[in-house]
Novice: 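Got a structure for you, written out below as structure tokens; questions coming shortly.
Only this structure's heavy atoms are used, side chains among them; waters, hydrogens and symmetry mates stay out. It should be emphasised that the depicted structure is a prediction, and the values quoted were computed from it without experimental measurement. In what follows, every chain begins at residue 1, and chains take the letters A, B, ... in the order their sequences are listed.
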Amino acid sequence: MEREVRVRFAPSPTGPLHIGGVRTALYNFLLAKKTGGKMILRIEDTDQNRFVPGAEDYIRESLEWCGIELDESPWNGGPYAPYRQSERKPMYMQYAMQLIESGHAYYAFDTAEELDEMRERLKAAKVATPQYNSITRMTMKNSLTLPEDEVKRRLESGDPYVIRLKVPRKEEVRLKDLIRGWVMVHSSAIDDKVLMKSDGMPTYHLANIVDDHLMQITHVIRGEEWLPSAPLHVLLYRYLGWEDTMPEFAHLPLLLKPDGNGKLSKRDGDKLGFPVFPLRWQDPFSGEISSGYREAGYIPEAFINFLAFLGWNPGTQQEIFSMEELANEFTIERIGKSGTRFDIQKARWFNEQYLRAKPDAELAGYLLKALEEHNITCSPEKAEKIAGLMKERVSFPQEFWREAAYFFVAPTEYSEKVASKKWNSQSVAVFTDFRNELSTLSDFNADTVKDLLVSILERHGMKIGMVMQALRLAVTGAEAGPDLMQIIEVIGREETQNRIDAAISALSQYVTA
RNA sequence: GGUCCGUUCGUCUAGGGGUUAGGACUCCAGAUUUUCAUUCUGGCAACAGGGGUUCGAUUCCCCUACGGACUACCA
């Protein structure tokens, strides 16, 4: 009997959700969606010292923006609630006790100073990896070395203690990773990890295994940084007697810096000028602001498409995928093994593709919003037309306003380059006729305006190429843009005439002969 | 340092014992356009190195180099 697929994304609310975390969440979601399974979100807040206000809301809002839907979460509940580890605190101790009783864990009373001392001592003795393990634990203060009655006394008197896993001295721990195949680690490389902290909270390792088991998780898809501790997790499943329902593991390759070495960090975004977080974030302590993809103008579907391809591909030539399509095509087998260098250029390209695929009416909304902020009124029809003219020349929605302001505001500055090269007495003569005869047009649209211009040019013995750039300059002040006749149609007859008049007087110094 | 993971164009990648090693982004050139952009066409550009195995390795194995992660009472 195949179990229903149940995957989880388990972030810590210690700050804004990193883009790598979003990808991890996405892959989990995709697997759930493909298999008709369930997607669970669990908040791993076992470290009270690292709690950051607002981080949990940020996670929630980020996933919503991305279109990653949760079947079970702290916010919409589920059959295995609660979904916050801090609220599950009472559940963990019994499993730690179970491990102590079966001889797989023990109490340890060492202070931080004593631990430091031990590590220093080992370092001085040139031990490669100073760690609390099968050998060193015999020199420390724990229930393996202390007399039974002293352990009892310490426990009863409330001495601070932790519970550590008793990792065997010599044992091969094997683990099958869906992406990497069999991974083998010798138990001597694993230290006696703390399972229960002295504050009564479990560590990640214990809480994670207990919750994944209790929540019937079938696949653990997480970042590669967890691979080294995965064998430890296998041990935990084994000692708890849960090995037969242990989830499958898939460790995702990391997202790397665009340049240089190392994994992608917050600093890289600042340095290279792109966001590393889905949403804008203001640090509640320092007030520092980090930019987000949403605010930068990325369309969530494009962002998701881009993210999906960072380490995964469908094996076909198709690149544009909706969430539905991604879910249909997704398989863990097609996730790559090697780290992925982050390339913002590709994200931008995806955004352009999505922007161009959107209907003009929808795009008009972006423009309308910007216009509102600038106190400019505009009909939806006009905004739609402008959006249609502009959409193939912008990468982000906010550029609709930035690049198309001349549709609403007459130019106050003119491109020096075009003015000096194209503005002359001949073109001024043509424009004078043109602005006057515009009034004679009974039907004012791009076609009739163009016909008029062509006939005037014929009269002057000139070709259209000789004046178009100058006319564009007069009307928009810019060197480039969409079809000029369309622009004129949009801004209207009178405004066009006014702008030509203004340009003729403003650019008179360029007229030489 | 130790353990583990990885290595195909600048980047994301397909492929896989015998291929002109394919695509996408970027970049360059040409065509189209009233300009710019779009679009179209074309171009530059890769199997980290050394040993094996094999008739034949980019593909399989080993070593080296390089890169990465981990090495906390953080996750």
Novice: So Tyr204(A), base contact, sugar-phosphate only, or nothing? Heavy-atom distance under 4.0 Å.
Specialist: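 Base: the residue Tyr204(A), judged by heavy atoms under 4.0 Å, touches a nucleobase.
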
Novice: Choosing from rC25(B), rU3(B), rC5(B), which nucleotide comes nearest the side chain of Val185(A)?
Specialist: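 Looking only at heavy atoms from C-beta outward on Val185(A), the closest nucleotide is rU3(B).
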
Novice: Would you mind reading off the distance between Asp177(A) atom CG and rC4(B) atom P, rounded to a whole angstrom?
Specialist: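 The distance from CG of Asp177(A) to P of rC4(B) comes to 15 Å, rounded to the nearest Å.
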
Novice: Among rA75(B), rU7(B), rC12(B), which nucleotide sits nearest the side chain of Trp226(A)?
Specialist: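 Nearest to the side chain of Trp226(A) among the choices is rA75(B).
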
Novice: Could you tell me how far apart Arg42(A) (CZ) and rA75(B) (C1') are, to the nearest whole angstrom?
Specialist: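 So the CZ-C1' distance, Arg42(A) to rA75(B), works out to 12 Å.
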
Novice: Among rU39(B), rC25(B), rU7(B), find the nucleotide with the atom closest to the side chain of Arg356(A).
Specialist: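 Selected nucleotide (nearest to the side chain): rU39(B).
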
Novice: Looking at the base of rA69(B), is there any donor atom on it, or on the side chain of Lys263(A), that sits under 3.5 Å from an acceptor on the other one?
Specialist: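 For Lys263(A), whose side chain was compared with the base of rA69(B), there is no donor-acceptor pair (under 3.5 Å).
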
Novice: Could you check whether Asp110(A) gets within reach of a base, just the sugar-phosphate, or nothing at all, counting any heavy atom under 4.0 Å?
Specialist: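 Base, at least one base atom sits under 4.0 Å.
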
Novice: Have a look at Arg164(A) and say if it touches a base, only the backbone sugar-phosphate, or nothing, with a 4.0 Å heavy-atom cut-off.
Specialist: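 Sugar-phosphate: the residue Arg164(A), judged by heavy atoms under 4.0 Å, touches backbone atoms but no base.
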
Novice: Across the strands shown, which category fits Arg472(A) at heavy-atom distances under 4.0 angstrom: base, sugar-phosphate, nothing?
Specialist: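 Touches a base.
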
Novice: If I take atom CD1 from residue Ile43(A) and atom CZ from residue Phe9(A), how far apart are they, to the nearest 0.5 angstrom?
Specialist: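 Separation between the atoms: 8.5 Å.
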
Novice: Applying a 3.5 Å limit to both distances, which nucleotide forms a Watson-Crick or G-U wobble pair with rG67(B)?
Specialist: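 When the pairing criteria are applied, rC5(B) turns out to be the nucleotide that pairs with rG67(B).
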
Novice: So which one's nearest nucleotide on RNA chain B is more toward 5', Glu44(A) or Gly311(A)?
Specialist: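 Mapping each residue to its closest nucleotide by heavy atoms, the 5'-most match is Gly311(A).
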
Novice: What is the distance, rounded to the nearest whole Å, between atom CZ of Phe9(A) and atom P of rA75(B)?
Specialist: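 Value for this atom pair: 16 Å.
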
Novice: Select base, sugar-phosphate, or nothing to describe what Lys346(A) touches, counting heavy atoms under 4.0 Å on all strands.
Specialist: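 If one applies the 4.0 Å heavy-atom cut-off, Lys346(A) turns out to touch a base.
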
Novice: Within the 4.0 Å heavy-atom criterion, would you say Arg222(A) contacts the bases, only the backbone, or no part of the nucleic acid?
Specialist: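 Answer is nothing: Arg222(A) stays at 4.0 Å or more from every strand.
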
Novice: The side chain of Asp47(A) is closest to which nucleotide in this list: rU35(B), rC74(B), rC25(B)?
Specialist: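 Comparing rU35(B), rC74(B), rC25(B) against the side chain of Asp47(A), the answer is rC74(B).
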
Novice: Taking the nucleotide of RNA chain B with the closest heavy atom to each, which residue, Gly336(A) or Thr129(A), is nearer the 5' end?
Specialist: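 Its nucleotide being nearer the 5' end, the pick is Thr129(A).
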
Novice: If we count only N and O atoms by modelled type, under 3.5 Å, do the side chains of Asp47(A) and Tyr204(A) hold a donor and an acceptor together?
Specialist: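 Judged by distance alone, the side chains do not pair up.
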
Novice: Among rC70(B), rA24(B), rU7(B), find the nucleotide with the atom closest to the side chain of Trp349(A).
Specialist: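 Between rC70(B), rA24(B), rU7(B), the one nearest the side chain of Trp349(A) would be rA24(B).
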
Novice: With a 4.0 Å cut-off on heavy atoms, is Thr46(A) in touch with a base, just the backbone sugar-phosphate, or nothing at all?
Specialist: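 Contact class for Thr46(A): sugar-phosphate only.
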
Novice: Hey, does Arg50(A) reach any base, or is it just sugar-phosphate, or nothing, if we go heavy atoms under 4.0 Å?
Specialist: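 Base contact.
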
Novice: Across the strands shown, which category fits Leu254(A) at heavy-atom distances under 4.0 angstrom: base, sugar-phosphate, nothing?
Specialist: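 Since only primed, P, OP1 and OP2 atoms lie under 4.0 Å of Leu254(A), the category is sugar-phosphate.
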
